[in-house]
Amino acid sequence: MKGDRVEIVIDAGGTPRTYEVRATRAGRRVEVETRRGMVEVSEVTRSGSPVRTARFMSSRILALVEHPADEGARRPGDEPG
């Protein structure tokens, strides 16, 4: 859902760098998957098709923070269902 975002802080040779993956349109969401030493953060559509993907080595990640969309920001009548 628009508003979902994930912040990733990595160690880039002694200097931390921050990256952000954000759901840019309504109906999209951000998913995080861990596979074989890699963390993959993707913005996906309602049907599950990835729009953009960022991959990071898990040994370099200092922090990964998921920020879900604010449920209070929904309009009346938009309840999931």
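Basis for what follows: all heavy atoms, side chains included, without hydrogens, waters or symmetry-related copies. Each residue takes its place number in the sequence, starting with 1. Keep in mind that what you see is a predicted model, and the values were worked out from it rather than measured.
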- Query: If you take all heavy atoms of Ala23 and Val30, which pair is closest and at what distance?
  - Reply: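 It is N-CG2, 3.6 Å.
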- Item | Taking every non-hydrogen atom, the tightest pair across Ser58 and Val39 | CB-CG2, 4.0 Å
- ILVMFWY network linking Val51 to Val6, side-chain heavy atoms under 4.5 angstrom: no
- Message: Applying a strict under-4.5 Å side-chain criterion to I, L, V, M, F, W and Y, I'd like to know whether Ile61 and Val65 cluster together.
- Response: no
- Find the distance between CZ (Arg28) and CG (Asp4) and round it off to the nearest 0.5 Å. 12.5 Å
- From Glu40 CD over to Arg55 CZ, what is the distance, rounded to the nearest 0.5 angstrom?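 That separation rounds to 4.5 Å.
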- Query: Backbone N or O of Val44 within a donor-acceptor pair of the Glu31 side chain at under 3.5 Å?
  - Reply: no
- Item | Test item: Arg29 side-chain N/O and Thr45 main-chain N/O as donor-acceptor pair under 3.5 Å |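 Checked: pair present.
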Would you give me the side-chain donor-acceptor pairs under 3.5 Å for residues 8-18, sequence neighbours excluded?
residue : atom : partner : partner atom : Å
Asp11   : OD1  : Gly14   : N            : 2.9

- Query: Which hydrophobic side chains are connected to Met57, either touching it within the sub-4.5 Å cutoff or through other members that do?
  - Reply: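 ILVMFWY cluster around Met57 also holds Met38.
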- Could you go step by step and tell me if Arg52 and Thr24 meet the side chain to side chain contact (heavy atoms under 4.5 Å, CB included) rule? CA-CA 11 Å; Arg52 64 182 57 119; Thr24 56; 3.4 Å; yes
